[in-house]
Amino acid sequence: VYFVYKQIQAMEELGMEVPETVRRSARKAADALVRLWETYGQLGQFVNAETGEILVGGSASGAIAPAALCAAAQVTGDQGYLKTAREIGEYYYETATARGITNGGPGEILQAPDSESAVALLESYTALYDALGSLEWLERAEDAAAQVSSWVVPYNYEFPADSVLGKLGVGSVGSVWANVQNKHSAPGFCTLSAAGFLKLWRATGKK
């Protein structure tokens with residue numbers, strides 16, 4: 001939902017025609033998120049795509065949903081999306097960010113703690129700040145950024161000298177742990193850029 005609305009925004013800015021079928025599909029997907037929230041008061045972990053029923057609840061797997069609904073509100077002009085985005089953002093701040101544990105971002109790790117949902121919340125909080133202009137969301141974005149930073153590797157691991165990474169002299173500093181299950185560190189955030197950090201710096205001036 002987030003990326004399709006970002007794509008629609010980009011196409012509109014470039015003067016490109018957006019097929020009506022794409023707009024209808026995006027709207028249906030955004031409406032499904034709203035319906036899920038209004039029915040259950042959460043977005044769950046695993047959802048039946050045919051019925052909209054939550055099969056496994058809990059987790060912060062839907063952490064990008066507030067950003068998605070902010071984008072939907074911007075494209076469609078429907079402020080109902082923004083209302084739901086704020087409610088979901090408040091829910092995730094209380095249940096995840098404020099407690100210091102985000103989990104469930106990638107489906108294959110079930111509900112293990114992960115960096116992906118933390119990064120998604122940073123994106124969502126900055127989107128809510130952009131949409132609402134409230135300092136409350138800026139402060140929450142800073143909290144999320146601190147949590148995301150805890151997943152970043154601050155040192156260079158010494159790989160075995162005869163390993164491929166050892167022979168290449170690959171460094172690990174600045175890479176990001178994906179989650180506690182697969183113990184994988186990559187040179188970036190999974191599925192998102194660091195735009196949330198850039199927006200946060202522009203808003204706060206804090207290098």
For this session: Could you walk me through whether Y129 and E136 pass side chain to side chain donor-acceptor pair (under 3.5 Å), step by step?
Result: CA-CA 8 Å; Y129 171 69; E136 174 185 41; over 6 Å; no
Exercise. So Y81 and D31, side chain to side chain donor-acceptor pair (under 3.5 Å) or not? Walk me through it.
Worked result: CA-CA 8 Å; Y81 289 137; D31 289 344; 2.5 Å; yes
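Remark: D130 engages K199 in a side-chain contact (heavy atoms from CB on, under 4.5 Å) (not counting sequence neighbours). With sequence neighbours excluded, the residues satisfying ring pair (Phe, Tyr, Trp, His ring centres under 6.0 Å) with Y91 are W37.
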Can I get a per-line list of side-chain donor-acceptor pairs under 3.5 Å for residues 53-68, giving both atom names and the distance, sequence neighbours left out?
from : atom 1 : to  : atom 2 : distance (Å)
S59  : OG     : Q45 : OE1    : 2.3
S59  : OG     : S61 : N      : 3.1
S59  : OG     : S61 : OG     : 3.3
S61  : OG     : G44 : O      : 2.9

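Residues E90 and R140 form a side-chain contact, since some pair of their non-hydrogen atoms from C-beta on lies under 4.5 Å apart.
Between the side chains of Y125 and T97, at least one donor N or O sits under 3.5 Å from an acceptor N or O.
Linking ILVMFWY residues whenever their side-chain heavy atoms come closer than 4.5 Å, directly or via other members, places Y5 and V18 in the same cluster.
Surrounding CD of Q7 are at most 12 heavy atoms belonging to other residues, nucleotides or ligands under 6.0 Å away.
Here the shortest heavy-atom pairing between T126 and A141 reads CG2-CB, 3.8 Å. Nearest heavy atoms, E123 versus Y2: OE2-OH, 2.7 Å. Contact between E17 and M11 at its shortest, heavy atoms only, is O-CE, 3.3 Å.
Side-chain atoms of N179 do not come within 3.5 Å of backbone N or O of P113 as any donor-acceptor pair. T102 contributes a side-chain N or O that, together with a main-chain N or O of D114, makes up a donor-acceptor pair within less than 3.5 Å.
Salt bridge status for K206 with E142: present, with a side-chain N to carboxylate O gap under 4.0 Å. Between R23 and E12, at least one side-chain N (NZ, or NE/NH1/NH2) sits under 4.0 Å from a carboxylate O, which counts as a salt bridge.
For Y157 and Y155, the gap between ring centers reaches or exceeds 6.0 Å.
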